Colleague: 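Sending over a structure as structure tokens; questions will come in a sec.
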Amino acid sequence: MKQTMPIEGKFELMALPYAPEALEPVISANTLGFHHGKHLAAYVNNLNAALPGSGLEGLSLEEIVLNTPGGMHNNAGQILNHNLYFSQFRAPLAGNRPTGRLAQVIDEEFGSFEAFKELFAKAGATLFGSGWVWLSADKEGNLKITQEPNAANPIQHGLRPLMTMDVWEHAYYLDYQNRRPDHLAALWQIIDWDVVATRYEQE
Ligand code: MN
């Protein structure tokens, strides 16, 4: 995660760790430009505008998500979610899959990486409306797939978020229109499993 604490009282729009066209054709530079430069930027601006006088100044994104309802929760949650989302990608790679201990735990808990992908895709396809599908770890290191509505994050269930797919229409509509399952299937090519494994090992 790039930043969860405010700097001089304000949260900043995270910098993308790759060029705008780096994820093509899975995610176009056009989609990335709107998603990061407009949607995420709006959440950052909205939260910063609401912070003064709210009593929440100086709290981390996680603390705001866990301790506030309403608009503050929604904007902080969307910043936290998008920071995790945008920092987990790399250029498309054929046969992309996890390695090492994380790969082993995925095999143990879901049967195989292919079985895991199938369950994750089903969770993404069946989440009604806007939200996020997550791979998280519990305190024992067991893996969980959860559907979170709107701006929710797995930390609200005591889980540690590892990897996510954004199923808000703004994440895919310019490239895939209504074909959410096609978009989600393509995302497997650009998941940076080194980033996900690092999140898993940080306990
Ligand atoms: Mn989004």
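Keep in mind that this is a model prediction, so the values were computed, not measured. Remember, it's 1-based here, ligands and their atoms both numbered in the order they're listed.
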Colleague: Over 60° means perpendicular and under 30° means parallel, so tell me whether His35 and Tyr85 are parallel, tilted or perpendicular.
Modeller: tilted
Colleague: Evaluate side-chain hydrogen bond (donor to acceptor under 3.5 Å, both in side chains) for Glu63 paired with Thr4, printing each intermediate quantity in order.
Modeller: CA-CA 9 Å; Glu63 288 168 328; Thr4 67; over 6 Å; no
Colleague: Please indicate how many protein N/O/S atoms are found closer than 2.8 Å to the Mn ion (ligand 1), with waters neither displayed nor included.
Modeller: 4
Colleague: What ring-ring contact (aromatic ring centres under 6.0 Å, His included) pairs are there with at least one residue in residues 12-32, not counting sequence neighbours?
Modeller: none
Colleague: Might you work through the ring-ring contact (aromatic ring centres under 6.0 Å, His included) test for His39 and Phe34, ending with a clear yes or no?
Modeller: CA-CA 6 Å; His39 290 277; Phe34 277 98; 7.4 Å; no
Colleague: Should Glu109 and Lys144 count as an ion pair when the cut-off is N to O under 4.0 Å?
Modeller: no
Colleague: Determine the interplanar angle of the Tyr43 and His170 rings, folded into 0 to 90°, and report it as parallel if under 30°, tilted if 30 to 60°, perpendicular if over 60°.
Modeller: tilted
